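Worksheet for the structure shown next.
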Amino acid sequence: MKKIPASFFQSHQVVQLAEELLGCELCTTINGVLTTGIITETEAYAGKGDKACHAHMGRFTKRTSVMYESGGIAYIYLCYGIHHLFNIVTNTKGNADAVLIRAIEPKTGIDIMLSRRKKSKLDKTLSSGPGNVSKALGLDKSLNGISVCGEKIWLQNTQKEPVNIVKTTRIGVDYAGEDAKLPWRFYDANSSFVSVK
DNA sequence: CCTATGATCATCT
DNA sequence: GATGATCATAGGA
């Protein structure tokens with residue numbers, strides 16, 4: 001059980017980071033309730049040079065400002081008016097890189113996640129897909145900008161068996177032209193908790 | 001199996 | 001006023 005330090009997220013290699021996060025355990029304590037899950041799917045967003053990133057071409061707005069902070073904090077925003085998407089900001093201050101968590105495999109507090117998702121049975125839809133991950137873990141935009149090495153959100157390296165990593169293209173970013181084809185999505189082929197295979 | 005559609009709102013133009 | 005790093009559901013092939 002090793003808590004991952006903020007320095008880990010300050011690497012300049014977002015894409016590599018996204019890959020390394022597979023298999024780590026994402027933990028949250030919201031309203032005093034603990035829920036955790038193993039990360040099974042991620043995507044990398046490489047700041048300025050990436051058209052699919054909210055901060056491409058150095059775009060700086062109120063929403064994207066947290067992405068320019070030093071790595072190790074959460075970037076959570078509302079998408080399509082309904083879903084909260086959870087990202088981990090990476091790289092050093094001034095670089096707007098982030099890793100989107102797209103799916104987890106529920107581990108601790110499964111009953112809590114079921115009730116948050118209004119489900120009665122555990123299946124892959126409980127926590128696969130970025131909107132569902134946030135909902136299951138109880139994350140919303142009020143937590144935007146807080147540390148991912150803190151009391152409410154943290155990650156730990158529980159490396160179980162090696163994951164079978166697959167690299168592929170990102171999802172829902174067709175508008176990004178050439179950048180939509182980059183193989184910056186990673187998932188664990190051994191897990192059924194993956195949004196799209 | 002597949003494609004189409006509604007939900008719903010903070011942020012940006 | 002338009003739009004999106006999505007999801008669940010409905011209906012047709």
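A, B, ... follow the sequence lines: proteins, then strands. Residue 1 opens every chain. Computed from a prediction, not measured in an experiment: that's the story for all the values here.
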To the nearest Å, how far apart are [X] [atom1] and [N] [atom2]?
X	N	atom1	atom2	value
A:Phe186	C:dA5	CZ	P	19 Å
A:Phe86	C:dT6	CZ	C1'	17 Å
A:His84	B:dC9	NE2	P	10 Å
A:Met67	B:dT11	CE	C1'	15 Å
A:His54	C:dT6	NE2	C1'	12 Å
A:Asp97	C:dA5	CG	P	17 Å
A:Lys62	B:dT13	NZ	C1'	17 Å
A:Ile82	B:dA7	CD1	C1'	4 Å

Choosing from [options], which nucleotide comes nearest the side chain of [X]?
X	options	value
A:His83	C:dA5, C:dT6, C:dA8	C:dT6
A:Thr61	C:dT6, B:dA7, B:dC12	B:dC12
A:Leu85	B:dC12, C:dT6, B:dA10	C:dT6
A:Arg63	B:dC12, C:dC7, C:dA5	B:dC12

Any link between A:Ile101 and A:Ile4 through a network of hydrophobic side chains (Ile, Leu, Val, Met, Phe, Trp, Tyr) touching at under 4.5 Å? yes
Note to self: Using atom C1' in both nucleotides, what's the gap between C:dA8 and B:dA10 to the nearest angstrom?
What the structure shows: 22 Å
Q: Between C:dA10 and B:dT8, how far apart are the P atoms? Round to whole Å, please.
A: 15 Å
Checking N1-N3 plus N6-O4 or O6-N4 for Watson-Crick, or N1-O2 and O6-N3 for wobble, each under 3.5 Å, the partner of B:dT11 is C:dA2
| Any luck finding a side-chain donor-acceptor pair between A:Lys2 and A:Thr158 under 3.5 Å? | no
Q | Pi stacking test for A:Tyr45 and C:dA5: under 5.5 Å apart, planes under 30° | A | yes
May I ask you to evaluate whether [X] reaches the phosphate of [N], defined as a side-chain N or O under 4.0 Å from OP1 or OP2?
X	N	answer
A:Arg117	C:dA8	yes
A:Asn144	B:dA10	no
A:Tyr75	C:dA5	no

Indicate the ring-plane relationship of A:Tyr68 and A:Phe60, choosing parallel, tilted or perpendicular according to the 30° and 60° boundaries.
tilted
Between A:Leu78 and A:Gly129, whichever has its closest DNA chain C nucleotide further toward 5' is A:Leu78
Considering every strand and a 4.0 Å limit on heavy-atom distances, what is the contact class for [X]: base, sugar-phosphate, or nothing?
X	value
A:Arg170	nothing
A:Arg59	sugar-phosphate
A:Asn87	base

I want to check a possible cation-pi pair here: A:Arg102 against A:Tyr187, using under 6.0 Å from ring centre and within 45° of the ring axis as the test.
no
Does the ring pair (Phe, Tyr, Trp, His ring centres under 6.0 Å) test come out yes or no for A:His54 and A:Tyr77, once each step is laid out?
CA-CA 11 Å; A:His54 289 155; A:Tyr77 78 99; 4.8 Å; yes
Only one of A:Glu25, A:Gln156, A:Lys107 passes side-chain hydrogen bond (donor to acceptor under 3.5 Å, both in side chains) with A:Thr36, and that residue is A:Glu25
